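Report on the following structure.
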Amino acid sequence: MNPNLSKAIEVRDLRKVYNGRIAVDGISFDVHTGEVFGFLGPNGAGKTTTVRMLTGIIVPDGGSATILGHDVVREPVRSKQVIGVVPETANAYDDLTAWQNLMLMADLYGLWRSAARRPATDLLEELGLFDRRDQKVAGFSKGMRQRLILAMALLHDPPLLFLDEPTSGLDVQSTHLMLAILSERNRAGTTIFLTTHNMDEANRLCDRVGIIRAGRIAAIDSPKRLKQTINRMHAIEVGFDRPVEAPVLVGLPGIDGVSQHGDTWRLETADTDAAIASVVAAARSSGARILSLSTLSPTLDEVYLRLTGGDE
Ligand SMILES: Nc1ncnc2c1ncn2[C@@H]1O[C@H](COP(=O)(O)OP(=O)(O)OP(=O)(O)O)[C@@H](O)[C@H]1O
């Protein structure tokens, strides 16, 4: 592997068709080395299919993908050696203990067991499973299983980690432990590709997100810039010291929509400065004083709904 590679993942025109139905429709994107890249999209958008092609579980029907410079189709073994995978559905063995599952993973990756003991112990401790290491996975909760699978995926210290909906349906403690270890690994240099439905998680964790809709990429950018692209959805919330009627605010320069929420008015605007100037002038001419005024930015949720058509 070339340590200077700036692209951890390079995807070009990647396609997958199931029984004549297009699941992934010629997508192209790069994941930069060292970043956390989030893949967002509604159910059936093609996220899992993409992850499965990138991790060598299924073969693409068209296009190409490289993992740290290795072509996933032509160099399947090499490209699998440099990744860790937390798949959508858990794959630890129920009849083995947590420790035995980790040692089995060490065997699969060709690690000496003696060399695997230290990282296995550290991972179990970090993920709150050390005391349960000698218990069979059959008795584990969903959160414990998912934490074990993350430990198994990290055992060989891969430079690139794939996670498919890693915290979906997990308890708070498991989610917290998993996100903490992901942040820590990323700070230490691990590139992370994750699919998620959780906007808050994407917002907090991801340097960039790709939004996929019906097998096609709808947008790729940082959460912050995605929010800026729909800044026409900005809003202002304003409260007055006395009742103000809607006609005072409707139709003012810069104000596109007006609605009342309890004691405050919510004003939709594409031009925050103009809207604030209008409100100040309107308050003055109607003898009211402004008690509170705040601007609201769109959330990543709103961006997502707009781009995936969920608000239509
Ligand atoms: N093995 C399969 N055989 C046939 N069709 C499939 C198969 N796997 C996925 N599909 C179809 O391909 C499309 C994309 O599915 P995919 O699982 O990749 O979506 P997703 O974005 O991961 O959704 P989810 O969030 O529900 O997991 C869907 O229409 C799905 O029904």
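Predicted, not measured: the structure shown is a model, and the values here were computed from it. Both counts, for ligands and for their atoms, begin at 1 and track the order of listing.
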Donor-acceptor contact below 3.5 Å, side chain Thr49 vs main chain Ala23 | no
Per-atom filter on ligand 1: closer than 4.0 angstrom to a heavy atom of Ala45 are 19 (O), 20 (P), 21 (O)
Taking atom 12 (O) of ligand 1 as the reference point, the nearest protein heavy atom with its distance = Ala23 CB, 3.3 Å
Which of Thr191, Leu68, Ile9, Leu160 passes side chain to side chain contact (heavy atoms under 4.5 Å, CB included) with Ile83? It is Leu160
Would you call the rings of Phe37 and Phe193 parallel, tilted or perpendicular, where under 30° means parallel and over 60° means perpendicular?
-> parallel
What are the atoms of ligand 1, with element, lying closer than 4.0 Å to any heavy atom of Arg21?
-> 29 (O)
List every atom of ligand 1 that sits less than 4.0 Å from any heavy atom of Lys47, numbering the atoms from 1 in the order shown and giving each element.
-> 18 (O), 19 (O), 20 (P), 21 (O), 22 (O), 23 (O), 25 (O)
Indicate yes or no: does an N/O atom of Asn19 lie under 3.5 Å from an N/O atom of ligand 1?
-> no
Atom 23 (O) of ligand 1 has as its nearest protein heavy atom Gly44 N, 2.7 Å
Does the protein place any heavy atom closer than 4.0 Å to atom 2 (C) of ligand 1?
-> yes
Any protein heavy atom nearer than 4.0 Å to atom 31 (O) of ligand 1 | no
Electrostatic pair Asp30-Arg12, nearest N-O below 4.0 angstrom = yes
Proximal ligand 1 atoms for Glu88, defined as those under 4.0 Å from one of its heavy atoms | 27 (O)
Got a salt bridge between Arg15 and Asp61, using NZ or NE/NH1/NH2 to carboxylate O under 4.0 Å?
-> no
With a 4.0 Å cut-off on heavy atoms, is Gly46 touching ligand 1?
-> yes
When rounded to the nearest 0.5 Å, the distance separating CZ of Arg147 from CG of Leu124 is 10.5 Å
Main-chain N/O of Leu170 paired with Thr167 side-chain donor or acceptor, under 3.5 Å | no
Quick one: look up the protein heavy atom nearest atom 6 (C) of ligand 1 and list residue, atom name and how far away it is.
-> Tyr18 CD1, 3.2 Å
Under 4.0 Å to a heavy atom of Thr48 - the qualifying atoms of ligand 1, by number | 17 (O), 18 (O), 20 (P), 22 (O), 27 (O)
Give a yes or no answer on whether the side chain of Glu75 reaches the backbone of Asp71 with a donor-acceptor pair at less than 3.5 Å.
-> yes
If we number the atoms of ligand 1 from 1 as shown, the ones under 4.0 Å from a heavy atom of Pro42 are 21 (O)
Give the single entry among Val17, Thr49, Leu40 that approaches atom 15 (O) of ligand 1 most closely by any heavy atom.
-> Thr49
Where Ser79 and Val72 come nearest, the two heavy atoms and their spacing = OG-CA, 3.7 Å
Backbone of Asn203 reached by a side-chain donor or acceptor of Lys224 within 3.5 Å = no
Identify the protein heavy atom lying closest to atom 26 (O) of ligand 1, giving its residue, its atom name and the separation to 0.1 Å.
-> Asn43 OD1, 3.3 Å
